[in-house]
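Only one structure is covered here, and it is reproduced in the block below.
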Amino acid sequence: MNFWLMKSEPDVFSIDDLFKNKKSGWEGVRNYQARNFMRDQMNLGDLILFYHSSCDEPGIAGIAKVSKTKLVDPLQFEKSSEYYDPKSKEEDPRWIMVEVEFVEKFKNLVSLKKIKETKELSNMMVIQKGSRLSINPVDEKDFFLIKKMAL
DNA sequence: GCCAACGTTGGC
DNA sequence: GCCAACGTTGGC
């Protein structure tokens with residue numbers, strides 16, 4: 001089993017939205033590195049730190065898990081979508097995604113600030129300078145430490 | 001709104 | 001294949 005961190009802007013899609021919908025396709029990723037993680041390395045049941053970005057208090061808001069793998073992102077073929085990709089072909093779709101399922105919302109958000117202050121988490125990709133990748137692999141021990149910090 | 005750090009595009 | 005210009009991310 002692998003562990004992940006996935007970023008979402010809460011104005012667009014928050015942990016509360018995932019709670020309401022129970023499940024959601026992780027649409028709109030248009031970065032090859034992030035896509036490759038989803039396409040090649042995500043397995044059913046992998047656990048995900050749900051990260052809120054570009055908001056008042058950036059940080060990890062809860063946990064989700066991978067409920068379906070290797071899905072075709074439908075928005076790449078929708079002309080009206082901001083995620084439309086004219087270069088992607090139906091017979092060879094460029095953008096592959098996973099479906100995620102709600103697991104829990106943290107009682108206390110584990111803020112970016114807190115993560116930066118925690119020495120044991122200094123290796124996390126999300127706090128490395130210049131790291132903008134929206135999907136990061138996470139060490140198992142970091143995953144469970146963050147879960148503990150949310151209590 | 002600013003801006004640093006990256007990624008992508010396209011001319012050559 | 002290089003690289004300048006441009007676009008995006010995301011914290012502050």
Side-chain angles (χ1 to χ4, degrees), chain A residues 2-21 24-42 46-66 69-100 102-139 141-150:
Chain A
N2 294 320
F3 297 86
W4 305 96
L5 179 150
M6 294 170 84
K7 298 180 185 173
S8 182
E9 298 184 22
D11 291 350
V12 180
F13 190 77
S14 70
I15 189 78
D16 294 317
D17 294 322
L18 185 60
F19 172 70
K20 275 181 245 157
N21 299 354
S24 174
W26 204 260
E27 296 165 343
V29 170
R30 293 294 177 269
N31 170 283
Y32 289 105
Q33 245 182 300
R35 179 207 63 183
N36 292 349
F37 282 135
M38 288 200 284
R39 189 189 60 185
D40 306 333
Q41 293 190 49
M42 281 200 189
D46 280 4
L47 291 171
I48 300 159
L49 297 170
F50 195 112
Y51 181 91
H52 283 173
S53 65
S54 299
C55 57
D56 280 353
E57 213 185 359
I60 294 159
I63 295 174
K65 70 177 176 188
V66 176
T69 59
K70 297 177 175 54
L71 302 173
V72 174
D73 183 337
L75 300 182
Q76 66 194 303
F77 302 123
E78 282 181 25
K79 283 216 170 73
S80 60
S81 169
E82 62 174 311
Y83 297 114
Y84 175 64
D85 183 352
K87 291 179 187 163
S88 185
K89 301 195 172 62
E90 299 259 3
E91 63 274 19
D92 182 26
R94 179 177 295 193
W95 302 109
I96 302 300
M97 66 175 189
V98 296
E99 180 193 77
V100 307
F102 178 85
V103 174
E104 69 169 285
K105 179 183 177 178
F106 285 162
K107 279 223 165 58
N108 303 294
L109 177 125
V110 179
S111 68
L112 179 64
K113 187 165 173 289
K114 203 69 166 283
I115 293 170
K116 284 179 173 169
E117 286 167 1
T118 304
K119 220 177 96 209
E120 297 92 314
L121 297 175
S122 60
N123 62 317
M124 283 190 78
M125 202 178 281
V126 72
I127 53 170
Q128 304 310 310
K129 194 180 173 188
S131 171
R132 297 176 313 171
L133 203 55
S134 65
I135 299 178
N136 306 181
V138 168
D139 286 349
K141 63 174 173 46
D142 295 346
F143 180 92
F144 286 109
L145 177 54
I146 282 174
K147 193 176 174 198
K148 211 166 141 193
M149 287 164 69

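All of these numbers come straight from a predicted model, not from anything done at the bench. Atoms considered below: every heavy atom in the structure, side chains included; atoms not considered: hydrogens, waters and symmetry mates. Lettering follows sequence order; numbering is per chain, from 1.
- Note on Lys129(A): a side-chain N or O is less than 4.0 Å away from OP1 or OP2 of dA5(B).
- Checked against dT8(B), dT9(B), dA5(B), the side chain of Tyr32(A) finds its nearest nucleotide in dT8(B).
- At whole-Å resolution of the value, CE in Met6(A) and P in dT9(C) are 15 Å apart.
- Residue Pro10(A) comes nearest to Asp17(A) through the heavy atom pair O-OD2, 4.2 Å, listed as atom of the first residue, atom of the second, then distance.
- At whole-Å resolution of the value, CZ in Arg132(A) and C1' in dG10(C) are 9 Å apart.
- No engagement by Glu9(A) is indicated, since no non-hydrogen atom pair under 4.0 Å with the nucleic acid exists.
- Taking atom CG on Asp11(A) and atom C1' on dG10(C), their separation rounds to 13 Å, with Å as the unit.
- Contact check, Lys7(A) against dG10(C): a side-chain N or O comes under 4.0 Å of OP1 or OP2.
- Residue Tyr51(A) places at least one side-chain N or O closer than 4.0 Å to OP1 or OP2 of dG11(C).
- The six-membered or imidazole ring of Phe102(A) lies away from that of Phe50(A), with a centre-to-centre distance of 6.0 Å or more.
- Within 4.0 Å of Lys116(A), counting heavy atoms only, lie sugar-phosphate atoms of the nucleic acid but no base atom.
- Per the geometry, CE belonging to Met125(A) stands 14 Å off C1' belonging to dC6(B), to the nearest Å.
- Summarising the geometry, the separation between CG on Leu133(A) and P on dT8(B) is reported as 10 Å, rounded to the nearest angstrom.
- The nucleotide whose nearest atom lies closest to any side-chain atom of Asn31(A) is, among dG7(B), dG11(C), dT9(B), dG7(B).
- A donor-acceptor pair is defined here as one N or O able to donate and one able to accept, closer than 3.5 Å; no such pair exists between the side chain of Asn31(A) and the backbone of Ser134(A).
- Just one residue in the list Phe77(A), Tyr32(A), Trp26(A), Tyr84(A) forms a ring pair (Phe, Tyr, Trp, His ring centres under 6.0 Å) with Trp95(A), and that residue is Tyr32(A).
- The interatomic distance linking Lys113(A) (NZ) with dG10(C) (C1') rounds to 18 Å, in whole Å.
- At whole-Å resolution of the value, CG in Asn36(A) and C1' in dG7(B) are 14 Å apart.
- Between Leu5(A) atom CG and dG10(C) atom P there is a gap of 10 Å when expressed in whole angstrom units.
- Here Asp85(A) does not pair with Arg30(A) in a salt bridge; the nearest charged N to carboxylate O distance is not below 4.0 Å.
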